[in-house]
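A quick write-up on the structure given underneath.
Chain naming here is simple, since letters A, B, ... match the order of the sequence lines and numbering starts at 1 in each.
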Amino acid sequence: MSIESIIRKAVSQATKHLYAISIDEETLQVQKTKKEFEGDVTIVMFPLAKQLRQSPAALAQAIGDYLQQNDEMISRFNVIQGFLNLSIAQDYWVETLHAIDAQPTFGLKQATKDSPLVMIEYSSPNTNKPLHLGHIRNNLLGYSLAEIMKANGNRVVKTNIVNDRGIHICKSMLAWQKYGNGATPESTGIKGDHLVGDYYVKFDQEYKNQIQELIEKGTPADQAKKEAPLILEAQEMLRQWENNDPEVRQLWESMNQWVYAGFDITYKALGVNFDKIYYESKTYLTGKQQVEEGVAKGIFQKRADTSVWADLTADGLDEKLLLRADGTSVYMTQDIGTAKLRYDDYAIDKMIYVVGNEQNYHFQVLSILLDKLGFKWGKDLVHFSYGMVELPEGKMKSREGTVVDADDLMEEMITTARQTSEELGKLDQCTPEEAASIVRKIGLAALKYFILKVDPRKNMTFNPKESVDFNGNTGPFIQYTYARILSVLRKASEANIQAVATAPLTQPLSEKEISLIQLVNEFPATVQEAGNSYSPAIIANYAYELAKEYNQFYHDYSILKEENEALRAFRLELSRNSAKILQSAMHLLGIEMPERM
RNA sequence: GCCUUUGUAGUUCAACGGAUAGAACGGCGGUUUCCUAAACCGUAAAUAUGGGUUCGAUUCCCAUCGGAGGUACCA
């Protein structure tokens, strides 16, 4: 049983004994004592005071007395302004550490075959352009969320829906056809997704030129946008695609292959992966069927022009188009089709969509529609809605070339990590392979941690030149702490120093040591909280706090040079478990830890 | 216009309705004969504004002022 729940129970017993009133253990406000005050755990008395009709101070004094006398765990207490601060006996902390030491996967629950099945959709790229900074946030959040859900005892299926059809895809195909001169990734040496993305940009440039020309000839702007030859050709290409025109399909296939080869490289570099990939080109037809069935069941309405609509006015929303009059599908149709296929493939208990907050409305609607169509998880689907990544100059715009490319960014991080490491002389003892592995881990950790430490719901600012640091509240700081601990453990092992407690501790531990145990002990609750609130940031901030706390301990106390054997063994045990938790926590963020740096 | 969301040091981020709002970077000043100084310590610096609810408000409610997103037969 956790310390917190023991205390809840004890306080509840105390009030029963002292005032003959049972209080609800769950409503008790139990929190960690603030650093400035003596004690480990604090109970807030104000709510109780009201219930028990006692002054907070008197109540705290009475309960504190009772607990100290009746509970061995409580060694001391003090009362300040209606806060009851309890000190937990040292032996109890040491026992807690032993228990943690005995569990290699402390804080991480294992899923069984009966555990809930959670499907997490993330990444969701378009095949007309390479991944950029916004995708990086999505991928890191999705991957980390999957790890966190696993650690909370869920079975997880990671899925990706690739948006590989539609007018935007035709734009890059058309531009390649017109201006590409047969260029391929092989012939140009350009990574496939970038090559295709270049033609998407090319299309936009040429399209704008055509609009401008038309406007100069006196065509109104709105009309010019609709009548520019390039857009008409792109629309024609989409019709040919839907009609399975062999030539268009062939082009589509080969350009998509280039893109997928490029994406694979990026995903691998980023350290993310998927259990199952869906393609919209294969799901949109199912979506159409679902919508037609919905019409047959009377859930949706077909209008005179044959377009299909869902009337959501009863749900406080408006009417939503599901099929165009020409029978083609829209975004919503495809998501319904994808949901259907997934439902057929897996016994999903919970579906989580990792998609930006610009689509809040879309998912609100999707949830209602899936529910109407009878998907049992439709109503409770989770839209993990994360904020945008902005640059100091403002929003990123693909077409204006202000995006930060994912591949470039990772490359830059690793290069910077290498420079810094070399300046500090950290790689002198390493083989080139080790050095490469270390700088890759550091560079990626800097990037990943920077993104993940921010509350996912909020928009965040990323300055490519300044944002990534290796000091302070950063990934490399946590990695450094870990590497440092491993170094101590290696030295202990080389010197044959006893690292397991054999004799009981006789001297009192320092506050720093106690608070470190307490922090390590909070890991399971932190993992749980991160799972409940879908927030990798909670794990990130916890890991930082732990690393910081450890560094202070490391600075103030000797480990290997401590002469008292029991104390030395204790400190090694504390170090070992701090490292273990740091690694577990960072693993949940998808961040790899170097053994030395 | 309507809907959603957001506003905390110079900057980037924290804070289940709880104690003196916590970090990092940057600034200023320190620590290395000692287990990794990518570390540690000190210092100055913030809750947009005005009301309300509460023993207690950065947090909840209302208004005002800013930012972002949505309100497409785009995805």
Side-chain angles (χ1 to χ4, degrees), chain A residues 29-31 33-37 42 44-47 49-50 55-56 80-83 85 124 126 128 163 165-169 280 305 307-309 316-318 321-326 328-332 334-335 356-362 364 385 387-388 390 392 394-395 417 420-421 423-424 426 442 446 450 453-455 457-463 466-467 469-481 483-492 495 497 529 533 537-538 540-541 544-545 547-548 550-552 554-562 571-572 575 596-597:
Chain A
Q29 280 190 47
V30 181
Q31 54 194 244
T33 304
K34 289 210 160 203
K35 279 230 180 338
E36 323 68 283
F37 303 103
T42 293
V44 184
M45 286 296 149
F46 295 101
K50 209 169 243 175
S55 83
I80 299 170
Q81 294 178 13
F83 294 88
N85 299 323
S124 318
N126 289 336
N128 61 344
N163 185 341
R165 63 167 292 281
I167 189 81
H168 52 298
I169 308 299
E280 275 188 3
D305 67 355
S307 63
V308 175
W309 295 74
L317 304 173
D318 53 13
L321 178 85
L322 298 177
L323 280 179
R324 298 188 185 102
D326 66 2
T328 56
S329 64
V330 294
Y331 183 28
M332 192 62 75
Q334 291 153 19
D335 263 0
N357 62 12
E358 56 201 350
Q359 290 180 29
N360 287 352
Y361 183 70
H362 174 81
Q364 206 182 337
S385 165
M388 300 290 104
E390 285 162 19
K395 228 193 147 185
T420 309
S421 297
E423 278 165 24
L424 293 170
K426 298 280 186 181
I442 296 172
F450 184 86
K453 76 172 178 184
V454 180
D455 182 338
R457 289 178 299 251
K458 292 188 177 171
N459 287 1
M460 66 179 292
T461 308
F462 187 91
N463 184 335
E466 294 171 11
S467 284
D469 214 320
F470 298 83
N471 304 319
N473 186 356
T474 66
F477 169 86
I478 298 168
Q479 290 178 317
Y480 173 74
T481 309
R484 221 181 191 189
I485 298 175
L486 259 53
S487 171
V488 172
L489 296 177
R490 269 194 302 271
K491 291 204 160 120
I497 292 175
E529 195 193 339
S533 54
I538 290 173
N541 289 317
Y544 172 66
E545 203 185 329
K548 191 171 170 56
Y550 184 85
N551 276 328
Q552 289 167 355
Y554 180 92
H555 182 266
D556 291 347
Y557 299 94
S558 296
I559 301 168
L560 299 176
K561 292 197 168 67
E562 171 56 46
R571 287 184 181 158
L572 280 165
S575 299
R596 56 186 87 218
M597 66 184 274

Min side-chain heavy-atom separation [X]-[Y] under 4.5 Å:
X: V30(A); Y: T42(A); value: no
X: E390(A); Y: M460(A); value: no
X: T328(A); Y: L323(A); value: no
X: R484(A); Y: Y554(A); value: yes
X: M45(A); Y: Q29(A); value: no

Write down the distance separating the [atom1] atoms in [N] and [M], rounded off to the nearest Å.
N: U4(B); M: C61(B); atom1: P; result: 12 Å
N: G22(B); M: A45(B); atom1: C1'; result: 14 Å
N: A48(B); M: U59(B); atom1: P; result: 8 Å
N: U43(B); M: U11(B); atom1: P; result: 23 Å
N: C35(B); M: G26(B); atom1: P; result: 26 Å
N: U8(B); M: A14(B); atom1: P; result: 11 Å
N: U53(B); M: A75(B); atom1: C1'; result: 45 Å

Looking at the side chain of [X], which of [options] is the nearest nucleotide?
X: I559(A); options: C40(B), C35(B), C74(B); answer: C35(B)
X: E280(A); options: A75(B), A23(B), U36(B); answer: A75(B)
X: Q359(A); options: A75(B), U36(B), A39(B); answer: A75(B)
X: N551(A); options: A39(B), A75(B), C41(B); answer: A39(B)
X: Y554(A); options: G69(B), A75(B), A37(B); answer: A37(B)
X: N163(A); options: A75(B), A38(B), C35(B); answer: A75(B)

So does [X] get a side-chain nitrogen or oxygen closer than 4.0 Å to the phosphate oxygens (OP1/OP2) of [N]?
X: R571(A); N: C35(B); value: no
X: Y331(A); N: A75(B); value: no
X: R165(A); N: A75(B); value: no
X: S307(A); N: C73(B); value: no

| Close aromatic pair by centroid cut-off 6.0 Å: F470(A) and Y480(A) | no
Nearest whole Å is fine: how far is [N] [atom2] from [X] [atom1]?
X: D318(A); N: U4(B); atom1: CG; atom2: C1'; answer: 14 Å
X: E358(A); N: A72(B); atom1: CD; atom2: C1'; answer: 14 Å
X: D556(A); N: C35(B); atom1: CG; atom2: P; answer: 15 Å
X: K491(A); N: C34(B); atom1: NZ; atom2: P; answer: 11 Å
X: Y361(A); N: U5(B); atom1: OH; atom2: C1'; answer: 17 Å
X: F470(A); N: A39(B); atom1: CZ; atom2: P; answer: 12 Å
X: E390(A); N: U6(B); atom1: CD; atom2: C1'; answer: 11 Å

Base, sugar-phosphate alone, or nothing: which one does [X] contact when heavy atoms must sit under 4.0 Å apart?
X: Y557(A); result: base
X: A492(A); result: nothing
X: R596(A); result: base
X: Q479(A); result: nothing
X: I442(A); result: base
X: N126(A); result: sugar-phosphate
X: T481(A); result: nothing
X: D305(A); result: base

| Listed by chain and number, what are the side chain to side chain donor-acceptor pair (under 3.5 Å) partners of S575(A), not counting sequence neighbours? | Y550(A)
| task | Please tell me which of A547(A) and R490(A) maps to the more 5' nucleotide of RNA chain B, matching each residue to the nucleotide holding its nearest heavy atom. | result | R490(A)
| message | Need to verify one output field. Residue with the more 5' nearest nucleotide on RNA chain B, M388(A) or N360(A)? | response |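 The 5'-side residue here is N360(A).
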| query | Reading RNA chain B 5' to 3', how would its secondary structure be written in dot-bracket notation, given Watson-Crick and G-U pairs with both distances under 3.5 Å, brackets [ ] for crossing pairs and | for partners on other strands? | reply | (((((((..((((....[...)))).(((((.......)))))....(((((..]....))))))))))))....
| request: Determine the minimum heavy-atom distance between S385(A) and N357(A), stating which atoms define it. | output: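 Where S385(A) meets N357(A) most closely, the heavy atoms are OG-CB, 3.0 Å.
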| query | Closest approach of F477(A) and A547(A), non-hydrogen atoms and distance? | reply |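 That would be CE2-CB, 3.6 Å.
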| query | In Å, rounded to the nearest 0.5 Å, how long is the span from OG of S487(A) to CE of M597(A)? | reply |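 If I round to the nearest 0.5 Å, the distance is 12.5 Å.
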| task | Describe, in one word, how the ring planes of F83(A) and F46(A) are oriented to each other, choosing from parallel (under 30°), tilted (30 to 60°) and perpendicular (over 60°). | result |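 Taking F46(A) first and then F83(A), their aromatic rings stand perpendicular (interplane angle over 60°).
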| query | Which letter, B, S or -, goes with each nucleotide of nucleotides 8-22 of chain B from 5' to 3', with contact meaning a protein heavy atom under 4.0 Å? | reply | ----SSS-B-BB---
| said: Run S307(A) and R324(A) through side-chain contact (heavy atoms from CB on, under 4.5 Å) and show every step you take. | reply: CA-CA 5 Å; S307(A) 63; R324(A) 298 188 185 102; 5.8 Å; no
| Donor-acceptor pair (no angle test) under 3.5 Å: T474(A) side chain, A38(B) base | no
